[in-house]
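Start at 1 and go down the list; that is how both ligands and their atoms are numbered. Keep in mind that the numbers below use all heavy atoms, side chains included, and drop hydrogens, waters and symmetry copies.
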Amino acid sequence: MAVQYMTSIGDTGQIEKLLRDDQLDGHKEARIVFAGRSNAGKSSLLNALTRTKAAHISREPGKTRKVNLFFCSLLERVVVDLPGYGFAKRNKTEKRLWGELITAYINADKKNIDWVVLVTDSRHGPADSDLEAMKFFQQLGLPVCLVLSKIDKLNQKQLNSRKKEVKEILDGHSPDKVYWTSSSKGKGVREVVKEITNG
Ligand code: GDP
């Protein structure tokens, strides 16, 4: 199988045990972190990139608020799926997740992370919460690849005007790369794979 579920990190105490000599749960391959608001299309993109249905595992009860780890032999990377953010304007659970668990994991594994792929819906994003997340990763020195998903839901005219708007929204934020994709039509997916596996 191209993607193998490894484990889930649910509390900071697990991190030290999982991370030994830069190996994460026994894997030395570089990490690619996936982040996005709930419903952004993160799971669909992950499935399209890895050509599996692995991301549905992250949706199982008990895993939605954890950092879920997969090994993808196709990409030769450890895929780190972060919990979705931005629902109900930063509730307590979400603040705790980002303030403690995610921050602790990212800091501990930072030098092994090649890319952060931040997914946002091309019809609406990036929202303030996406820009906040981007800033969080950039301040830690991590390269961010912003993916605007679901472009099949826009016609050419809408796509062109969204591209202009997004450029303005991103002014002063500058992600390292920007891609426009459709996981359902397979558009832009190969380009993202190429980017994140060459980095
Ligand atoms: P997540 O919560 O970020 O993991 O989002 P999902 O990947 O589960 O997607 C949320 C919804 O958007 C689902 O109903 C998907 O079928 C839909 N979706 C995701 N990607 C695409 C896409 O490229 N095109 C279209 N039309 N729908 C998509």
Side-chain angles (χ1 to χ4, degrees), residues 2-3 5-6 8-10 31-70 72 74-75 77-91 93-95 97-98 101-102 105-106 115-134 136-137 144-163 165-166 169 175 177-196:
V3 172
Y5 168 69
M6 291 163 55
S8 301
I9 311 175
R31 290 32 131 179
I32 299 184
V33 172
F34 285 80
R37 282 190 290 161
S38 311
N39 254 352
K42 174 163 66 77
S43 309
S44 305
L45 179 73
L46 243 162
N47 288 339
L49 292 176
T50 58
R51 293 198 221 142
T52 61
K53 295 241 179 283
H56 74 269
I57 294 175
S58 298
R59 301 188 151 240
E60 287 173 6
K63 291 199 175 68
T64 55
R65 286 169 183 176
K66 291 183 177 175
V67 174
N68 297 306
L69 308 178
F70 301 88
C72 180
L74 190 76
L75 304 178
R77 298 289 188 279
V78 173
V79 166
V80 180
D81 191 12
L82 298 185
Y85 56 79
F87 252 148
K89 262 220 161 232
R90 295 239 152 203
N91 59 31
T93 314
E94 193 178 309
K95 275 194 182 139
L97 267 174
W98 283 80
L101 184 69
I102 295 172
Y105 161 70
I106 299 283
W115 279 105
V116 175
V117 178
L118 209 144
V119 187
T120 188
D121 190 322
S122 60
R123 295 168 298 170
H124 319 294
D128 287 348
S129 53
D130 296 317
L131 298 177
E132 232 179 276
M134 196 182 327
F136 166 83
F137 294 116
V144 174
C145 173
L146 180 71
V147 171
L148 292 116
S149 65
K150 312 187 197 179
I151 56 164
D152 58 287
K153 296 210 180 208
L154 298 170
N155 62 33
Q156 196 57 47
K157 194 170 163 221
Q158 290 167 323
L159 182 63
N160 290 343
S161 77
R162 281 267 58 214
K163 283 189 176 174
E165 284 165 17
V166 168
I169 296 170
K177 295 282 166 187
V178 179
Y179 285 94
W180 295 74
T181 67
S182 162
S183 302
S184 56
K185 303 267 185 242
K187 278 191 188 158
V189 172
R190 219 179 308 148
E191 288 77 359
V192 176
V193 167
K194 214 169 157 201
E195 188 66 62
I196 61 180

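- Atom CZ of Arg123 has more than 12 heavy atoms from other residues, nucleotides or ligands within 6.0 Å.
- Screening Lys42, Arg37, Lys150 against Asp121 for a salt bridge (Lys or Arg N to Asp or Glu O under 4.0 Å) leaves a single residue, Lys150.
- Every residue two or more places apart in sequence or in another chain that forms a side-chain contact (heavy atoms from CB on, under 4.5 Å) with Val166 is listed here: Pro126, Leu148, Arg162, Leu170, Trp180.
- Protein residues having at least one heavy atom under 4.0 Å from any atom of ligand 1 are Arg37, Ser38, Asn39, Ala40, Gly41, Lys42, Ser43, Ser44, Arg59, Lys150, Asp152, Lys153, Ser182, Ser183, Ser184, listed by chain and number.
- Residues satisfying the side-chain hydrogen bond (donor to acceptor under 3.5 Å, both in side chains) test with Ser44, not counting sequence neighbours, are none.
- Contact check for Ile57 versus Asp81: no side-chain heavy atoms found under the 4.5 Å cut-off.
- Residues that satisfy the side-chain hydrogen bond (donor to acceptor under 3.5 Å, both in side chains) test with Glu60, not counting sequence neighbours, are Lys63.
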